[in-house]
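Computation of the quantities below employed the complete heavy-atom set of this structure, encompassing side-chain atoms and omitting hydrogens, waters and symmetry-equivalent molecules. Naming convention: chains lettered A, B, ... in sequence-line order (proteins, then strands); numbering from 1 in each chain.
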2 protein chains.
Amino acid sequence: MAPLESISVPSAREHRASFHDGALAATANWPAIQGDDEKLVQRTLVALRRGPIRHHRDQVIVCEGDPAHYIFLVIEGIVRSCRTFQNGTRNILGFYLPGEVVGWTDLKHALSVEAATDAMILYLKRSALLSIAARDSRIASFLLGATTNELRRTQEHALLIGRSAKCRLATFLLDLSSRLGKTKYLDLPMSHQDIADHLGLTIETVSRTITELERSQLVARLSPRTLILLNRPSLLRIKN
Amino acid sequence: MAPLESISVPSAREHRASFHDGALAATANWPAIQGDDEKLVQRTLVALRRGPIRHHRDQVIVCEGDPAHYIFLVIEGIVRSCRTFQNGTRNILGFYLPGEVVGWTDLKHALSVEAATDAMILYLKRSALLSIAARDSRIASFLLGATTNELRRTQEHALLIGRSAKCRLATFLLDLSSRLGKTKYLDLPMSHQDIADHLGLTIETVSRTITELERSQLVARLSPRTLILLNRPSLLRIKN
DNA sequence: CGGAACCTTGAGATTAGTCAAATGACGTGG
DNA sequence: CCACGTCATTTGACTAATCTCAAGGTTCCG
């Protein structure tokens with residue numbers, strides 16, 4: 001795993017307002033926690049943090065098989081969790097946006113964690129989180145909630161992989177758009193290759209499928225990486 | 001969700017030995033917990049239980065969308081978690097054997113839980129588990145560990161779905177064999193249709209693929225539901 | 001022994017993958 | 001600001017894997 005270096009962080013650790021400028025601003029959107037507990041969780045994370053550390057695109061943050069010393073809070077950029085097989089094929093299990101946590105597991109990491117774009121990552125020591133959780137049930141419940149959430153997302157992804165290319169892509173675009181904040185434009189932060197590996201397709205099929213959606217007037221393509229979702233309801237209705 | 005009925009259970013709740021005859025015997029194999037904590041968790045589960053309740057094959061235990069009042073400990077038989085789509089296709093996310101817990105989620109069940117064979121199921125009240133977990137960190141850590149485990153299994157399953165039919169089937173057979181206790185014979189407890197829906201294949205492809213493995217001398221078929229894995233290392237080596 | 005459900009096999013259709021080539025986008029240095 | 005090189009994306013023709021539809025065979029249970 002990459003070495004940890006001390007990097008400057010906002011100084012006013014306790015000050016609520018600092019979160020909005022600082023590394024943890026994105027955690028403000030976490031749905032599972034509210035009010036006092038939210039502050040507690042944020043303070044706990046701040047106390048445990050190492051970093052944030054900058055990673056360049058395609059840099060490996062942890063390898064499959066590495067001991068699970070740390071979990072990772074994305075501050076900026078996009079992170080992917082994936083596995084690469086002997087024959088060179090790669091599957092991306094999930095993409096993680098700022099404010100999201102990636103790499104929770106026990107003992108050893110079952111997946112690699114990599115920067116899909118240049119990214120700032122906060123490292124959180126797993127053992128410290130666990131020992132705090134053993135004393136404070138609010139932290140324990142935060143961990144359980146986050147893990148349950150990740151489980152549900154992984155289940156939905158496993159279900160998605162069984163469907164047609166068109167359905168997979170439509171669902172992916174809608175989901176990404178809503179996670180990024182549903183503006184008019186959908187700027188794909190990752191390459192088509194990453195999308196293909198996430199959806200279990202080839203880049204060619206991804207490209208052809210976008211072209212097909214474009215011909216059906218469901219999306220418009222401003223540039224390869226910039227789309228407009230013209231008809232969300234119809235995209236949602238694509239099945240199998 | 002199915003109504004809860006009181007059903008006779010072993011009387012000596014506190015007596016350690018009773019677990020080996022009674023409903024919770026299977027939990028003895030849980031890897032995550034040891035010694036005193038194991039006893040604690042078992043006592044806790046016994047205190048929360050409703051049932052066990054008998055379900056017949058294909059009976060629905062909970063529906064997708066039902067509120068998450070209970071989670072389910074399989075005592076006997078095989079349980080599946082799945083989703084059925086409008087067009088009638090069904091995906092089975094996982095099979096659960098005696099001693100395993102299925103149906104953990106928050107708020108609403110994201111998947112249906114159904115009996116894949118006749119089964120005995122213990123119902124555990126989620127809210128009670130959570131409130132005990134808030135007071136006893138060993139229960140909290142049991143819940144977190146079980147959820148983390150389920151997450152990893154789901155990740156492996158999502159990865160498996162991306163591979164060739166031969167690889168999916170070989171991996172499934174090996175995994176099932178080891179979970180069932182790796183005797184000489186592998187008795188498939190579920191139908192080919194269930195296996196197909198689990199692996200994202202059709203029954204025809206499942207059948208043809210087993211035939212192919214048989215021709216390669218990797219498995220032998222005593223009856224459609226009874227196989228012998230003739231060459232585990234070679235089965236393991238099948239990729240893509 | 002009979003019937004129903006389940007499994008197997010075959011032939012043809014469909015979807016997505018592979019290989020190859022052309023086009024387009026973007027950053028760098030002149 | 002433009003030319004260039006590199007990398008990413010698109011498109012086409014062909015191939016391979018899996019599905020679909022249909023028929024026949026087995027197994028199991030009453």
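By the 4.5 Å heavy-atom criterion applied to side chains, A/Leu213 and A/Lys166 are counted as neighbours. Between B/Asp58 and B/Arg80, some side-chain heavy-atom pair lies under the 4.5 Å cut-off. Counting heavy atoms from C-beta outward, A/Gln193 and A/Asp197 have side chains that approach closer than 4.5 Å. Proximity of B/Cys167 to B/Thr171: side-chain heavy atoms (C-beta onward) are separated by under 4.5 Å at one or more points.
Evaluation of the ring-ring contact (aromatic ring centres under 6.0 Å, His included) test over residues 199-223 of chain B, restricted to residues two or more places apart or in two chains, returns none. Judged as a ring-ring contact (aromatic ring centres under 6.0 Å, His included), the pairs with a partner in residues 198-231 of chain A (not counting sequence neighbours) are, in order, A/Phe95-A/His198, A/His157-A/His198, A/Phe172-A/His198. Evaluation of the salt bridge (charged side-chain N to carboxylate O under 4.0 Å, His left out) test over residues 214-223 of chain B, restricted to residues two or more places apart or in two chains, returns B/Glu214-B/Arg221.
With rounding to the nearest 0.5 angstrom, the CD1 atom of A/Ile121 is 14.5 Å from the OH atom of A/Tyr70. Separation of atoms OH (B/Tyr185) and CG (B/Leu180) is listed at 15.5 Å; rounding is to 0.5 Å.
Looking at residues two or more places apart in sequence or on another chain, you find no side chain to side chain donor-acceptor pair (under 3.5 Å) involving A/Asp118. For A/Lys108, the side-chain contact (heavy atoms from CB on, under 4.5 Å) criterion is met by no residue, not counting sequence neighbours.
The stretch residues 81-95 of chain B does not touch DNA chain C, since none of its heavy atoms comes less than 4.0 Å from the strand. A heavy atom lying under 4.0 Å from DNA chain D marks the following residues of residues 183-201 of chain B, by number: B/Gly200, B/Leu201. Residues of residues 205-223 of chain B having a heavy atom closer than 4.0 Å to DNA chain C, listed by number: B/Ser207, B/Arg208, B/Thr211, B/Arg221.
Direction of the helix axis in the helix from C/dC1-D/dG30 to C/dG30-D/dC1 shifts by 40° between the two five-pair termini, rounded to 10°.
The backbone N or O of B/Ala68 lies less than 3.5 Å from a partner atom in the side chain of B/Arg126, making a donor-acceptor pair. With hydrogens and angles ignored, the 3.5 Å screen pairs no side-chain donor or acceptor of A/Thr205 with any backbone N or O of A/Leu201. Remark: side-chain polar atoms of A/Arg168 are paired, donor with acceptor, to backbone N or O of A/Arg163 under 3.5 angstrom. B/Thr154 places a side-chain N or O within donor-acceptor distance of the main-chain N or O of B/Glu150, the cut-off being under 3.5 Å. A side-chain donor-acceptor contact under 3.5 Å links B/Ser112 to the backbone of B/Glu64.
With a cutoff of under 4.0 Å to any heavy atom of chain B, the contacted region of DNA chain C is bounded 5' to 3' by C/dC6 to C/dA11. A 4.0 Å heavy-atom criterion places the boundary nucleotides of DNA chain D facing chain A at D/dA8 to D/dA13, written 5' to 3'.
Comparing B/Glu204 and B/Arg168, the nucleotide of DNA chain D nearest to each residue sits closer to the 5' end for B/Arg168.
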List the atom pairs, with distances to 0.1 Å, where a side-chain N or O of residues 227-239 of chain B and a protein N or O form a donor-acceptor pair under 3.5 Å, not counting sequence neighbours.
{"unit_1": "B/Asn231", "atom_1": "OD1", "unit_2": "B/Ser234", "atom_2": "N", "d": "3.1"}
{"unit_1": "B/Asn231", "atom_1": "OD1", "unit_2": "B/Ser234", "atom_2": "OG", "d": "3.1"}
{"unit_1": "B/Asn231", "atom_1": "ND2", "unit_2": "B/Ser234", "atom_2": "OG", "d": "2.9"}
{"unit_1": "B/Arg232", "atom_1": "NH1", "unit_2": "B/Ser177", "atom_2": "OG", "d": "2.9"}
{"unit_1": "B/Arg232", "atom_1": "NH2", "unit_2": "B/Ser177", "atom_2": "OG", "d": "3.3"}

